[in-house]
Amino acid sequence: MNPSLIIAKKRDGHALTREEITGFVHGYTRGQIPDYQMSALAMAIFLRGMSVQETADLTDAMLQSGVWLVWSRRDRPLVDKHSTGGIGDKTSLILAPLLAACGLAVPMISGRGLGATGGTLDKLEAIPGFRTNLPLAEMESTVERVGCVITGASAEIVPADRKLYALRDVTATVPSIPLITASIMSKKLAESLDALALDVKFGSGAFMKSLADARLLARSLVDTGRRMGVRTSALVTDMNQPLGRMAGNLVEVHESLWTLEGRGPADLWDCTRELAAELLVLAGRAGDHQSARRLLDEKLASGAALAKFREMVAAQGGDLSRLPPMPLGSEVPAGRAGFVLSIHTEQLGHAIIELGGGRKVMSDTLDHAAGLEMCVRIGDRVEIGQSLVRLFGPADQLAAVTSQVAAAFAFSDQLVPPLPLIVERID
Ligand code: URA
C-alpha cells in the first residue's frame, strides 16, 4: 500500500475501498504511517467527504484498531445513548439508571468536557470517591450486577480515535461529518450494543450551529449505526440555551438527583425521557413511544430510577452522603427590561471554564463547585435588575465573568416565542 496514492485518490474526489481505508487506519495506529500523511488524508476527507459505505468502513477500521466488550450474558438488551454535547447536558446521569430500572443493560462509555461543552465524567467526579476509570472486566461485571455503568474509555478501546482525534484537533479537521461519525460510532460500537440513541444538538451552545448541519450529522450517524448492525435512531434537539437550570459539575449532579426525585426541570426530564423511550422501543421493550413514556414515568415515580442511580454510584466507589451541598451563588442582573431573545450559550460554557469548572489545557484540575444556574429562558419577560444567571465560583473571578455572562443575553421589546426542544426524530 502506498499512502500517498490513497491520499491523492481522496484529494481528487474518488471513493476509497474498504482495504485502502483499513490499511491506512491500521498503519497509522501502529505507527507505520506518520502524522503528516494521516493529516493530509484527514484534510482530503474534510474537503471531499465520504459516502455512507466509506464512512461505515472507516468506523469499522477504527473499531477494529482495539478491543471491544464481549458480554458473557446477553439476557437483557444492551443499549446506550450518545450526545454530541452541550451546556448543562446531564441526561446521561439520569438516563442510564432509568433504563437499568426498566431492565435494560447500559454500558456507557463517556467523555470529558470538549471545548466549551461539559463532560459526563467530570460531572460524576464531583461525587467524592466516584471512579471513572474502571478496567474492562469491572465495567462488564458492574453492568451485569447493577444494570448500568458510566466510565471512561480505556486505552485499549479504539486507540485509532485517541490518536486521530488529537491530530484533528491541531489540523483544523474536527468539523467533518464522516470523521465525527467514525469517531463517535467506533467508540459506541465497541460496547457491542443492540440499540443506540443519539442526541444531536444544534444551536449556540452546540458543536453544530445550524439545524441543517445537525440533520446531516444525525443522518450520517444513524446510517452508519444501521449499516453496522445496531438499531439506531437520533433526536435533533435544541442547544440555543442550557438544558435544565444548572451547568457545571457539582450543580449538575444535584440537578440530576432532583430530577430522579421527580422535581427536576421539565425540559431536562422531557429530553431524557424521549431518548430513553427511543431505546425502549428500539430494544423491543415497549411497543410504541407512548407506552415507553408511561413505563419511564412509573420508574421515576416509584423511586426505582433513583435507587439505581444510588446503586451505580456506590458500585463505582462514590459516596453520595459526602456530596458537597449546593454552593452559594452570585447574581448577574439584567441591564435592561424585555423578552429574552437569544443566549450565546457557548459563551456561558467559556464563563464556566473561567470560573474553574472546565479546562483550558488538559492538565488543569477542576473546581467541581464552579458553574452557573439559569434563572431565565428564551421567551421569558425580565425586568431591569432581575437575575439572569447565578454564578458559582471563586470571588476573585466573579467580576470578570459577570460582564461576560451578561453580554451573552440579547433582549427584544416584542414577545419572543419559547423554543421547541426536540425538533426532529431521524431513524
Ligand atoms: N466527539 C467525538 O467523540 N468525536 C468527534 O469527532 C467529535 C465529537
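Both ligands and their constituent atoms are indexed starting at 1 by order of listing.
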S.K.: Identify whether the distance between the nearest side-chain nitrogen and carboxylate oxygen of R425 and E274 falls below 4.0 Å.
M.R.: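 Salt bridge: no.
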
S.K.: To which protein heavy atom is atom 3 (O) of ligand 1 closest, and what is the distance rounded to 0.1 Å?
M.R.: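 Ranking protein heavy atoms by distance from atom 3 (O) of ligand 1, first comes K187 NZ, 2.5 Å.
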
S.K.: Is the shortest side-chain N to carboxylate O distance from D267 to R377 below 4.0 Å?
M.R.: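 Between R377 and D267 there is a salt bridge, with a charged N closer than 4.0 Å to a carboxylate O.
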
S.K.: Between E54 and K10, is there a side-chain N and carboxylate O pair less than 4.0 Å apart?
M.R.: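 Salt bridge present between E54 and K10.
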
S.K.: Could you report the tightest heavy-atom contact between T142 and A315, atom names first, then the distance?
M.R.: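 Looking at all heavy atoms of both residues, the closest pair is CG2-CB, 4.0 Å.
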
S.K.: Among all protein non-hydrogen atoms, which one is nearest to atom 1 (N) of ligand 1, and what is the separation to 0.1 Å?
M.R.: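 Going by distance alone, atom 1 (N) of ligand 1 is nearest to I184 CG1, 3.9 Å.
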
S.K.: With a cut-off of 4.0 Å, which atoms of ligand 1 are near a heavy atom of S183?
M.R.: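 Taking each heavy atom of S183 in turn, ligand 1 has 2 (C), 3 (O), 4 (N), 5 (C), 6 (O) under 4.0 Å.
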
S.K.: Considering only heavy atoms of F207, which atoms of ligand 1 have at least one such atom less than 4.0 Å away?
M.R.: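 This gives 7 (C), 8 (C) as the contact atoms.
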
S.K.: Could you tell me whether some N/O pair between R168 and ligand 1 is separated by less than 3.5 angstrom?
M.R.: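 There is such a contact, yes.
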
S.K.: Against ligand 1, does I180 come closer than 4.0 Å with any heavy atom?
M.R.: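 It does; at least one heavy atom falls under 4.0 Å.
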
S.K.: Give the C-alpha distance, both sets of side-chain angles, the deciding distance and a yes or no for side chain to side chain donor-acceptor pair (under 3.5 Å) between R18 and Q53.
M.R.: CA-CA 9 Å; R18 181 175 175 80; Q53 187 57 51; over 6 Å; no

S.K.: Where is the nearest protein heavy atom to atom 5 (C) of ligand 1: which residue, which atom, and how far?
M.R.: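 Here the closest protein heavy atom is Y165 CE1, 3.3 Å.
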
S.K.: Do NZ/NE/NH1/NH2 and the carboxylate oxygens of D199 and K81 come within less than 4.0 Å?
M.R.: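 A salt bridge is absent here (no side-chain N lies under 4.0 Å from a carboxylate O).
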
